[in-house]
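Residue numbers start from 1 in every chain, and the chains themselves are labelled A, B, ... in the order their sequence lines are given, proteins ahead of strands. Only a predicted model underlies this, so the values are computations on that prediction, with no experimental measurement involved.
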Amino acid sequence: MEPIIEVRHLTHTYSVGTPFQRDAVHDVSFTVEKGEFLGIIGHTGSGKSTLIQHLNGLLRPTSGEVLLSGRDIWAEPRKIRSVRFRVGLVFQYPEYQLFEETVYKDIAFGPSNMGKTGAELDACVRESAKLVGLGEEILEKSPFELSGGQKRRVALAGVMAMRPEVLILDEPTAGLDPAGRENLMANIRDYRENSGSTILLVSHSMDEVARNADRILVLKSAGILMQGTPREVFARGGELLSAGLDVPQTTRIAMALRRRGAAIDPAVYTVEDLSREILALRGRDAIC
Amino acid sequence: MLKDITLGQYFPGDTPAHKLDPRTKILLVILYIVALFQARSLLTYAIMTVTFVLCARISKVGAKALLKGLKPVVIIVLFTGFLNLFFTPGEVIFQLGFLRLTDAGVYNALRMVVRIMLLITGTFLLTYTTSPIALTDALERMLNPLKKVHVPVHELAMVMSIALRFIPTLIEETDKIMSAQKARGADFESGNLLQKAKALVPVLVPLFVSSFRRADELAVAMECRCYHGGEGRTRLHVLHFAGRDYLALTLGCAITAAVIILARLGF
């Protein structure tokens, strides 16, 4: 695997030279492999949002650098827009950014900024609308008459239509009902399969991250607390909890069982793993 | 960045200046401005400068913050200084083309520049030590007599405090929407004026939509708390003049009177 994004000693300081000066991100280094699904978790104010805005060049590091396919994205500041087409960023509550008269035009905003026209543009728009499950009949509607969940999907399609190699999502499921959440995550998985792109998912929900991510980055007060596979990260569930973060419900159960003396793997994070572990225990008749 | 805009920013604090009744501070600023425009001579200017420095000291405002407050008017100050410097009739000291430096010009320029700087930084002290809410509160109380002639004083004050309250929120929102559209390749920097104006549509439409949404939410929230205008409304914090307010006002009146009398006497 080759790295697609490399972040080296990234520091971002807000309000330099005023009494309000503080580091939102402090000396953070990590690598994202091509095609991987990276989950980023951390408290509000841990620097998640600031960090991801560096990855597509919306913010410029105070110090340190961001490499995209081995090249510093700020090597040519005038061409920073081309970075934004390769690294798509979906903000929190993206439905508040819709502005066009029709859904079709709104989705077309990104790709037409890239210079796409005619049949190519049309294909981009229809394909990404289909990916997020928006029917043809919705394309000609005004985005303002749609439901909340539909608006969110239009906004998501607007970024996917640029076919970014890296798709970063900031809390994409915030404020949706459980069915809407599952739908949206399925859309994102579909996009990944369809385009082979790299996904970075920022989330509060441990369960969501645990279910989808290959690797997890945990941020705490402007720095990286830990990183690794879900197994490695959730094996340190105690640390996560004491950092004020959550662990998946299944990990919570496993931890509770362990505290009661059951010989159970503390790093389970899926329902399947947990039930297998519990059945194994029953087989050995360790408890009950 | 947009966030750096400061519109008479308030800095919370616990100085005697912060504790003064906002009405007192508004009156003091009015007195200060009157005195400032009466001042002519070196002596009266010295009195005003000393008064200002003392007030700034009491309010614990740093020189840096004051200078930052002057930033938006730098051009006006320089322009006034320039005009006065070269276009005041008097004894010519130095001449370059049509520019004539006169002794009266130097004197006038200095006076005007100092006056504007004192004026801006003086009023800055008011917004520095008084929260926007306290200010509108004070204005409402001071304009209360106008209710007799059916001026909707309470409503105006409410509109003002809501507007002030939402300035930072809207700035933050604009910032967010601009970032989001930039992430989709929007370009706000290049192009001619028309293209730049057009590029703002993707920012303005969502901003308007969200402003209406916020207005709607705020109206519902206010109604849920039974807001029905100023009629019969009581206050949590009733403004009271305390000893320090009378003291401050007396001092303010005395200084203003002194400056006016000195100016009339030709000093």
Side-chain angles (χ1 to χ4, degrees), chain A residues 14-20 49-50 52-53 55-60 77-78 80-101 105-116 142-144 151 155-162 164 167-170, chain B residues 1-6 9-13 60-69 71 128 168-191 195-217:
Chain A
Y14 277 123
S15 314
V16 181
T18 71
F20 306 109
S49 296
T50 310
I52 57 173
Q53 288 186 54
L55 304 183
N56 73 340
L58 279 175
L59 292 177
R60 201 169 176 162
R78 291 166 155 271
I80 197 69
R81 269 177 79 202
S82 65
V83 171
R84 292 179 190 149
F85 298 134
R86 293 180 59 196
V87 182
L89 174 56
V90 182
F91 275 87
Q92 220 169 353
Y93 298 103
E95 58 270 31
Y96 294 152
Q97 293 132 30
L98 304 176
F99 69 97
E100 275 288 11
E101 294 154 59
K105 281 189 189 167
D106 210 287
I107 298 177
F109 182 66
S112 57
N113 279 333
M114 294 171 80
K116 288 189 178 166
S142 157
F144 298 105
K151 277 188 200 165
L156 187 62
V159 175
M160 285 177 176
M162 302 191 301
L167 183 63
I168 308 175
L169 303 124
D170 192 356
Chain B
M1 222 168 67
L2 279 170
K3 270 182 202 151
D4 294 333
I5 298 174
T6 46
Q9 202 171 2
Y10 166 62
F11 292 85
K60 294 213 175 103
V61 191
K64 230 186 201 172
L66 284 175
L67 287 178
K68 212 180 148 205
K71 231 184 184 171
Y128 187 98
T169 313
L170 285 179
I171 290 178
E172 200 178 301
E173 184 112 0
T174 314
D175 228 28
K176 235 191 241 165
I177 296 172
M178 279 178 99
S179 295
Q181 306 300 26
K182 270 194 215 159
R184 294 209 276 164
D187 184 2
F188 301 114
E189 276 105 41
S190 53
Q195 282 165 325
K196 273 188 184 162
K198 255 187 164 168
L200 281 180
V201 171
V203 176
L204 292 180
V205 173
L207 195 61
F208 269 96
V209 171
S210 84
S211 301
F212 281 118
R213 197 189 64 243
R214 275 182 206 285
D216 217 36
E217 280 168 6

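The CD1 atom of A:I80 sits 10.5 Å away from atom NZ of B:K182, with the distance rounded to the nearest 0.5 Å.
Only the side chain of A:M162 comes within contact range of chain B, with at least one heavy atom under 4.5 Å from a heavy atom of that chain. Using a 4.5 Å cut-off between heavy atoms, A:Q53 touches chain B through its side chain atoms alone.
Looking at every heavy atom in both residues, A:F144 comes nearest to B:V209 through CE2-CG2, 3.7 Å.
Between A:Y96 and B:K176, every side-chain heavy-atom pair lies at or beyond the 4.5 Å cut-off.
The local environment of CZ in B:F208 is sparse, with at most 12 non-hydrogen atoms from other residues, nucleotides or ligands closer than 6.0 Å.
A distance-only check finds a donor-acceptor pair linking the side chain of B:Q181 to the backbone of A:Q97 [under 3.5 Å].
Scanning residues 85-95 of chain A against chain B with a 4.5 Å heavy-atom cutoff picks out A:F85, A:L89, A:F91, ordered by number.
In summary, B:D187 and A:R84 do not engage in a salt bridge, as defined by a charged side-chain N under 4.0 Å from a carboxylate O.
Chosen from B:A186, B:S190, B:S210, the residue pairing most often with chain A at heavy-atom distances under 4.5 Å is B:A186. Considering only heavy-atom pairs separated by less than 4.5 Å from chain A, the leading option among B:A180, B:P202, B:A183 is B:P202.
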